[in-house]
Protein chains: 2
Amino acid sequence: MATRRPVLSRERIIHTALAVIDRDGLDALSMRRLGAELGVDAMAVYYHLPDKAALFDGVVEAVYSEVDVDAAALPGPWPEMLAVYLRRLREVLRRHPHAVAVIATRPAYTASVLGPADRAVGRLREEGLTARSAMEITHACRAFTIGFVLAEVGAPLGGPTRAPREAISPADYPHLVEAMAEGYRPDEQYEAGLRAMLDGFARQQAAAGHVP
Amino acid sequence: MATRRPVLSRERIIHTALAVIDRDGLDALSMRRLGAELGVDAMAVYYHLPDKAALFDGVVEAVYSEVDVDAAALPGPWPEMLAVYLRRLREVLRRHPHAVAVIATRPAYTASVLGPADRAVGRLREEGLTARSAMEITHACRAFTIGFVLAEVGAPLGGPTRAPREAISPADYPHLVEAMAEGYRPDEQYEAGLRAMLDGFARQQAAAGHVP
DNA sequence: ACCTGAACACCGTTCAAGT
DNA sequence: ACCTGAACACCGTTCAAGT
C-alpha cells in the first residue's frame with residue numbers, strides 16, 4: 001500500500017487561517033474552526049505550529065509576501081520609488097481588512113520581510129541618503145500607510161457596535177458636515193498625504209545637503 | 001435603613017476595564033475578570049453596558065478624553081497648532097500600549113470626540129483652508145501618529161511570540177544593521193515624520209494659493 | 001511522523017431569580 | 001433598580017493515545 005502523505009502543512013494552515021479571517025473576521029478564527037475548515041481534528045494544527053501566536057505570525061508574513069515588489073529594483077528618484085512601494089502596500093492591506101490590525105502590531109522579523117527592506121535601504125543610500133535617514137523615512141511612510149488603511153477599512157477590534165449609541169445631530173458639527181459633503185475619496189486623500197510626507201522628507205534631505 | 005446606592009456605574013466599569021487592559025493586556029480583559037476586579041458578579045456589568053463591544057467603545061472614548069487639548073484655542077499658524085495636538089495625542093496613546101489597536105480600529109463618533117474635531121476644522125478654515133483640506137490634513141496626520149505609535153509600543157495582537165522563530169543573521173542585513181547602530185530614537189523620528197508631513201501639506205496649500 | 005479525542009480551565013451572553 | 005448565579009455554546013492548550 002502507498003505511504004500516506006500528510007494532509008496538513010504549515011503553508012496550507014496559514015492560508016486557510018487568512019481565508020477565515022478575510023471571510024468572517026478575526027474573532028471567527030479559532031483553532032477548532034480552523035480544524036473544521038481544514039477537515040481535521042482541531043488539535044492537528046498544534047503538530048505544525050506551536051500556538052496561535054505563531055499562526056498569527058504566519059498570517060502576517062503571508063500578507064507581506066503578497067506585496068511582492070522589489071523596491072530596490074524600481075526606477076526613478078527615491079521618493080517616487082517609495083511611493084510605488086507604499087501604494088502597493090496599501091493595496092494589499094486593503095484586501096485584508098480584518099488582518100490589518102494584526103499586521104500593524106506584530107513584528108515581522110523574517111527573511112522575506114527583512115531582505116527586501118535591507119535592499120530598499122541600500123537603494124536609498126545610493127542616492128545619497130544615510131542608512132539612518134533611509135530607514136526613518138521608510139518607517140514613517142509605512143506608519144502613515146498602515147494608520148490610513150486602518151482608519152479606512154480596518155475592522156473594529158472587539159466586533160462592531162450593535163447597540164445604538166447616543167444619537168449625534170449633524171447640526172452640531174457644521175464644519176465636519178461641509179467637509180464630508182463632497183463624499184469621502186480615500187484614494188485622493190491617501191495620495192495627498194503620501195505626497196505631502198515624501199515632499200517634506202525630500203526637502204529635509206535637500207536642506208541637509210544630502211541630495212545635490 | 002438607608003437606601004442602597006449602586007456600587008457600579010458606566011464610568012467606573014470603563015475605567016476599570018482600561019486599567020485591566022493597561023496592566024495585563026487586551027486578552028486579559030474578560031467580563032468575568034472585570035467583574036472580579038469590580039467586586040461584583042461578572043454579569044452585573046450587563047446591566048450597565050449591552051455587550052463587550054460597547055465596553056470597548058467606552059474605553060476608546062475614555063482615552064480620547066485624556067487628550068484634552070482644545071486645538072481650536074491654540075495659537076500660531078495651523079501647522080504648529082496641529083503639531084501640538086498630534087504630539088499630545090501620541091503622548092496619550094503611548095500611555096495605553098495595549099489599547100492603541102482598539103483605538104485605531106473603532107470609530108469614535110461621540111460628542112466628546114466630534115466636538116473638538118469640528119472646532120479644529122473651523123479653526124483651520126479661518127486660516128484660509130477649505131473644510132475639506134482641513135479634514136484631509138488632520139486625518140492624514142492622525143493616521144501617521146496612530147500608525148507610528150502602533151509600531152512603537154503597540155502590543156502584538158494575539159499575544160507575544162513565544163516559540164523561537166527561525167534565527168535571523170544580522171550579517172544578511174548590513175544596511176538595516178548600520179541604520180540601527182546609533183539606536184532607536186522614537187521621539188526624533190516621530191518629530192521628523194510629523195514635520196515632513198506638515199511642511200508638505202503647507203506647501204501644497206501655498207501652491208494651491210490657499211494661504212497668502 | 002502525523003493526527004485524534006478527552007480533559008482542564010477558561011470565554012461571552014441569556015435569562016430567570018433574588019433583594 | 002440593581003445585582004446574582006445557573007446554563008449554553010463556545011474558547012486555547014496539554015497530553016496520552018492511536019495509526
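Per chain, numbering begins at 1; letters A, B, ... match sequence-line order.
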Enquirer: Which whole-number value in Å describes the distance from B/Leu38 CG to D/dT4 P?
Expert: 10 Å
Enquirer: Could you list the residues that satisfy side-chain contact (heavy atoms from CB on, under 4.5 Å) with B/Arg95, not counting sequence neighbours?
Expert: B/Glu66, B/Arg88, B/Val92
Enquirer: Just to verify, what does B/Tyr190 make a ring pair (Phe, Tyr, Trp, His ring centres under 6.0 Å) with, not counting sequence neighbours?
Expert: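 By the ring pair (Phe, Tyr, Trp, His ring centres under 6.0 Å) rule, B/Tyr190 matches B/Phe144, B/Phe148.
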Enquirer: Reading DNA chain C 5' to 3', what string of ( ), [ ], | and . shows its pairs, if Watson-Crick and G-U wobble pairs count only when both distances fall under 3.5 Å?
Expert: ||.|||||...|||||.||
Enquirer: Is A/Glu191 paired with A/Arg90 through a side-chain N to carboxylate O contact shorter than 4.0 Å?
Expert: no
Enquirer: Do the side chains of A/Glu80 and A/Arg195 get close enough for a salt bridge, i.e. N-O under 4.0 angstrom?
Expert: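 Judged by the 4.0 Å cut-off on N to carboxylate O distance, A/Glu80 and A/Arg195 do form a salt bridge.
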Enquirer: Please report, rounded to the nearest Å, how far the P atom of D/dC2 is from the CZ atom of B/Arg10.
Expert: 15 Å
Enquirer: Does any N or O in the side chain of B/His15 come within less than 3.5 Å of the main-chain N or O of B/Glu11, such that one atom is a donor and the other an acceptor?
Expert: yes
Enquirer: Under the salt bridge (Lys or Arg N to Asp or Glu O under 4.0 Å) rule, collect the residues that match up with B/Asp51, sequence neighbours excluded.
Expert: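 Scan of B/Asp51 (salt bridge (Lys or Arg N to Asp or Glu O under 4.0 Å), adjacent residues dropped) gives A/Arg162.
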Enquirer: Please determine, for the side chain of A/Pro6, which listed nucleotide (D/dT4, D/dC3, C/dC3) has the closest atom?
Expert: C/dC3
Enquirer: Does a side chain donor of either B/Thr110 or A/Glu166 reach within less than 3.5 Å of an acceptor in the other side chain?
Expert: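 There is no such pair (donor and acceptor under 3.5 Å, judged by atom type) between the side chains of B/Thr110 and A/Glu166.
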Enquirer: Counting only N and O atoms by type, is there a donor-acceptor contact under 3.5 Å from the side chain of A/Asp118 to the main-chain atoms of B/His175?
Expert: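 Checked: pair present.
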Enquirer: Got a sec? Which of residues 24-36 of chain A come in under 4.0 Å of DNA chain D, heavy atoms?
Expert: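 Nucleic-acid contacts, sorted: A/Leu29, A/Ser30, A/Met31, A/Arg32.
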Enquirer: Less than 4.0 Å between a side-chain N and a carboxylate O, is that true for B/Arg132 and A/Glu178?
Expert: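 No, no charged N to carboxylate O under 4.0 Å.
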Enquirer: Taking atom types as modelled, find out whether A/Thr145 and A/Arg87 have a side-chain donor-acceptor pair closer than 3.5 angstrom.
Expert: no
Enquirer: Output the residues of residues 43-51 of chain B in contact with DNA chain D, where contact means a heavy atom of the residue under 4.0 Å from an atom of the strand; sort by number or write none.
Expert: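 Only B/Met43, B/Ala44, B/Tyr47, B/His48 qualify.
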Enquirer: Find the distance A/Asp41:CG to D/dT13:P and express it as a whole number of Å.
Expert: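 A/Asp41 atom CG is separated from D/dT13 atom P by 15 Å.
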